[in-house]
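To keep things clear, I will list the structure first and then write my remarks on it.
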Amino acid sequence: MRHFADSIAQALSALTGVAPSEIKIEEPRDRAMGDLAFPCFALAKALKKAPPAIASELAGQLGAKLTGITAVASGPYINFQVERALLARTVVGTIETRRAEYGRSDYGRGKTIVIDFSSPNIAKPMHVGHLRSTILGQALVNLHEALGYRTVGINHIGDWGSMFGGLVVAMKRWGGARVGADGKVVLDRAKELGIDIEGDPVRGLLEVYQRSKKVLDPEKPEHDPAFAAEARAAWIELESGKDGEIRALWRWVTEVSMRGFSRTYKRLGIRHDLVRGESFYEPFLAPTFARCEQAGITEISDGATIVALKAIDKGLAETPCLLKQRDGTTLYATRDLAALYHRWDEFHFERCLYVVGAEQKLHFRQLKAVLKRLGADFEPRVEHVDFGLLLGTGRTKLASRKGDVLVLDELLDEVVEETSRVVREKNPELAGQQQIAEQIGIGALVFNDLKRERIKDVVFEKAEVLSFEGETGPYVQYTHARMASILRKAAASGQGGATPDWAALADAAPVLIRLSQFPDVVRSAADHAEPSELAQALLALSRDLSTWYVGSRVLDQEPSVTAARLALVRSCKTVLANGLRLLGVAAPEEM
RNA sequence: GCGCCCGUAGCUCAGCUGGAUAGAGCAGUGGUUUUCUAAACCACCGGUCACAGGUUCGAGUCCUGUCGGGCGCGCCA
């Protein structure tokens with residue numbers, strides 16, 4: 001469609017003398033008006049004529065300039081319709097040529113994009129709160145990768161902080177943790193703590209972690225000063241970089257945590273290029289702080305080191321950025337600043353996206369303001385890709401029945417289990433039901449999250465996620481599976497070899513237009529860091545396609561008609577599959 | 001109190017950089033299967049685009065204000 005819009009703009013430019021880039025060809029809301037339209041208001045001043053007069057005059061002249069496109073004046077608009085056979089041949093031809101590559105481009109070639117996403121904390125299982133960042137981030141990686149960018153997905157795991165001193169001490173004291181002769185970590189009393197070393201140690205670790213936090217807290221009755229002192233010493237040892245037992249235990253916690261995350265990531269199709277926790281940036285903290293001091297932007301306020309931001313951003317007058325606490329230890333902002341400079345030095349990114357919840361908007365606003373004060377010219381390339389909260393029924397915090405945080409794996413299991421039931425019921429003959437249930441269930445969950453604008457809060461209604469009707473992932477998957485089914489039947493009966501009669505696709509114009517928009521949608525979704533644009537486009541395509549194919553039977557028609565319709569079916573299947581893949585949703589051949 | 005975000009049909013949401021009678025899904029009502037998977041399709045029902053001003057040839061879209069909801073606001077991340 002872009003191809004046709006360009007030639008129309010060229011023709012209009014030749015007739016009016018206005019630059020082609022200034023001529024905005026748009027798509028009418030109502031398809032009955034045409035495939036494309038040009039509103040003549042903008043030309044009224046330059047040509048000193050009323051828009052309707054311009055429209056009718058230009059429409060007449062355009063006839064000679066355009067081939068295969070008819071122009072009709074309608075009030076102040078010129079409406080264009082592409083000749084149906086030409087439209088079909090062009091769109092289907094392009095997709096048949098490019099196949100899995102359709103939608104991909106070299107738009108971002110030579111540019112690097114860094115995407116920071118998911119970022120769970122160690123010693124805890126991943127919970128539903130990480131879901132949105134994880135799947136949004138992966139979709140953004142996929143989208144940019146398709147556009148030819150070099151993508152660097154970074155998992156900035158929370159693996160650093162004084163609380164880990166407490167955890168290590170707790171493991172030693174209560175669990176008998178030590179480093180064995182072979183250098184491996186052993187926990188003599190793992191069972192008593194409920195830590196399953198071989199299986200999923202994180203579950204048990206979480207309880208130890210929570211218990212240690214109570215013991216460390218002077219406000220709590222469980223408080224133990226000796227324990228606290230030991231924990232502090234352990235943290236100091238960790239920070240010192242000494243590679244002893246303390247560090248080995250901390251490393252073990254990181255490893256087993258990552259092992260658990262990996263399982264979940266695999267199910268969700270998540271892959272990071274780099275796992276760099278907060279600890280990774282530890283050596284860069286001091287230089288980063290020094291950079292700020294040398295730039296002369298730091299101040300001492302109530303004993304803490306801050307950067308005032310009022311001059312950069314009036315809204316931040318009351319909220320300067322804190323770099324160091326009163327006790328001299330650094331904070332979140334210092335770490336992110338260090339990470340940012342490190343990433344800039346390493347990648348010279350075109351964009352650096354932080355896929356982090358909207359509740360941290362202030363933090364990123366502060367961070368960017370500090371960068372400005374530092375004169376960092378890459379500051380505009382740093383973007384906070386914010387998103388709304390994931391909430392439970394009644395806008396409450398999403399939790400499990402017991403009231404504690406809902407573990408992501410449990411949620412996935414639950415969704416897949418329920419999906420299995422539905423699959424058995426809807427398609428009892430289907431082979432490989434378990435795998436397909438996994439694809440549908442997870443697809444439903446992922447799509448449900450990506451289909452709406454990311455800034456909107458998502459109220460997690462299990463019934464809605466599992467309904468599979470209407471605007472859902474399974475609806476798109478189902479449409480795709482049915483196209484696959486038609487193609488299988490065509491192959492089995494040897495149909496589709498005739499020369500296609502493209503004019504027979506006149507009734508599929510809405511579908512063809514959707515197909516033609518796909519590459520633009522991919523680009524826009526990436527540029528706006530908004531996968532929902534793609535999800536919405538796939539829904540619209542599925543809708544128009546469903547309407548078409550129930551009314552226009554593909555198989556057993558005139559051979560030339562069947563050939564044309566089969567080509568369209570193949571194109572639609574291709575686009576649905578490509579689109580779903582970009583969103584991180586599987587596209588099963590059968591369901 | 002200050003800052004930011006959201007406010008479109010009963011519910012959940014689309015509506016691209018302002019453009020022609022505001023679109024889907026769910027829920028409700030009524031239909032469609034000897035024919036490519038009924039996880040589908042069709043029809044009907046349903047909206048003062050929170051409210052009030054302003055800019056514009058033209059505002060759901062931009063600006064200002066009001067109201068309602070959410071998030072955040074120095075030693076956590």
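The sequence lines fix the lettering, A, B, ..., with proteins before strands; numbering per chain opens at 1. Only a predicted model underlies this, so the values are computations on that prediction, with no experimental measurement involved.
OP1 or OP2 of B/A14 has at least one side-chain nitrogen or oxygen of A/Lys456 nearer than 4.0 Å. Proximity of A/Arg335 to the phosphate of B/A77: a side-chain N or O atom is located under 4.0 Å from OP1 or OP2. When the side-chain nitrogen and oxygen atoms of A/Arg482 are compared with OP1 and OP2 of B/A38, one or more of them lie within a distance under 4.0 Å. Within the 4.0 Å cut-off from OP1 or OP2 of B/C36, not a single side-chain nitrogen or oxygen of A/Arg553 is found. Look at A/Lys426 and you'll find a side-chain N or O under 4.0 angstrom from OP1 or OP2 of B/A39. Between A/Gln325 and B/C76 there is a side-chain polar atom (N or O) within less than 4.0 angstrom of OP1 or OP2. Applying the 4.0 Å criterion to OP1 and OP2 of B/U37, one finds that A/Lys489 has a side-chain N or O inside that range. Remark: A/Tyr475 is in phosphate contact with B/C41, judged by side-chain N or O atoms under 4.0 Å from OP1 or OP2. At least one side-chain nitrogen or oxygen of A/Ser485 sits closer than 4.0 Å to the OP1 or OP2 atom of B/U37. For A/Thr547 and B/C42, the shortest distance from a side-chain N or O to OP1 or OP2 is below 4.0 Å.
The residues A/Asp386 and A/Arg454 are annotated as salt-bridged, a charged nitrogen and a carboxylate oxygen being separated by less than 4.0 angstrom. Salt bridge annotation for A/Lys49-A/Glu57: present, with a cationic side-chain nitrogen under 4.0 angstrom from a carboxylate oxygen. Taking 4.0 Å as the cut-off between side-chain N and carboxylate O, A/Asp313 and A/Lys310 do not count as a salt-bridged pair.
Only the P atoms considered, B/U17 is 31 Å distant from B/C2, to the nearest whole Å. Nucleotides B/G53 and B/A20 place their C1' atoms 26 Å apart, quoted to the nearest Å. Taking atom C1' on both nucleotides, B/G10 is separated from B/G28 by 10 Å, rounded to a whole Å. Comparing the same atom, P, in B/U48 and in B/C6 gives a spacing of 24 Å after rounding to whole Å. When the P atom is used for both B/G74 and B/G69, the distance is 23 Å, rounded to whole Å.
Distance CG (A/Asp159) to C1' (B/A77): 13 Å, rounded to an integer number of Å. Atom pair A/Arg488:CZ and B/C36:P shows a separation of 13 Å (rounding to whole Å applied). In this structure, the CG atom of A/Leu450 is 16 Å from the C1' atom of B/U12, given to the nearest Å. Rounded to whole Å, atom P of B/C73 lies 7 Å from atom CG of A/Leu362. One atom, CG of A/Leu389, and another, C1' of B/G70, lie 8 Å apart when rounded to the nearest Å. Separating the CZ atom of A/Phe447 from the C1' atom of B/C26 is a distance of 15 Å, rounded to the nearest angstrom. The distance between atom CG of A/Leu47 and atom P of B/C57, rounded to the nearest whole Å, is 17 Å. Counting to the nearest Å, the P atom of B/C5 and the CZ atom of A/Arg454 are 13 Å from each other.
Base pairing of B/C2 is made with B/G72, judged by Watson-Crick or G-U wobble geometry with both donor-acceptor distances under 3.5 Å. Base pairing analysis places B/A43 opposite B/U29; the two distances defining the Watson-Crick or G-U wobble pair are each below 3.5 Å. Pair assignment for B/A77: none, as no Watson-Crick or G-U wobble contacts are both less than 3.5 Å. In this entry B/C67 has B/G7 as its Watson-Crick or G-U wobble partner, both defining distances falling under 3.5 Å. Summarising the base pairing, B/U17 is matched to no nucleotide, lacking a Watson-Crick or G-U wobble pair whose two defining distances lie under 3.5 Å.
Among the heavy atoms of the strands lying under 4.0 Å from A/Pro28 is at least one base atom, whether or not backbone atoms are also near. Among the atoms of the strands shown, base atoms are found under 4.0 Å from some heavy atom of A/Val554. A/Leu316 comes within 4.0 angstrom of no nucleic acid atom, judged by non-hydrogen atoms across all strands.
Within 3.5 Å, no donor on the side chain of A/Asp336 pairs with an acceptor on the base of B/A77, nor the reverse. Under 3.5 Å, the side chain of A/Arg452 and the base of B/G15 form no donor-acceptor pair of N or O atoms.
Here A/Phe364 and A/Tyr354 bring their ring centres to under 6.0 angstrom of each other. For A/His342 and A/Phe284, the distance between ring centers is under 6.0 angstrom.
Glycosidic torsion of B/G74 falls within 90° of 0, placing the base in syn.
No hydrogens or angles considered: nothing links the side chains of A/Gln536 and A/Ser532 as a donor-acceptor pair under 3.5 Å. A side-chain donor from one of A/Asp527 and A/Tyr107 sits under 3.5 Å from a side-chain acceptor of the other.
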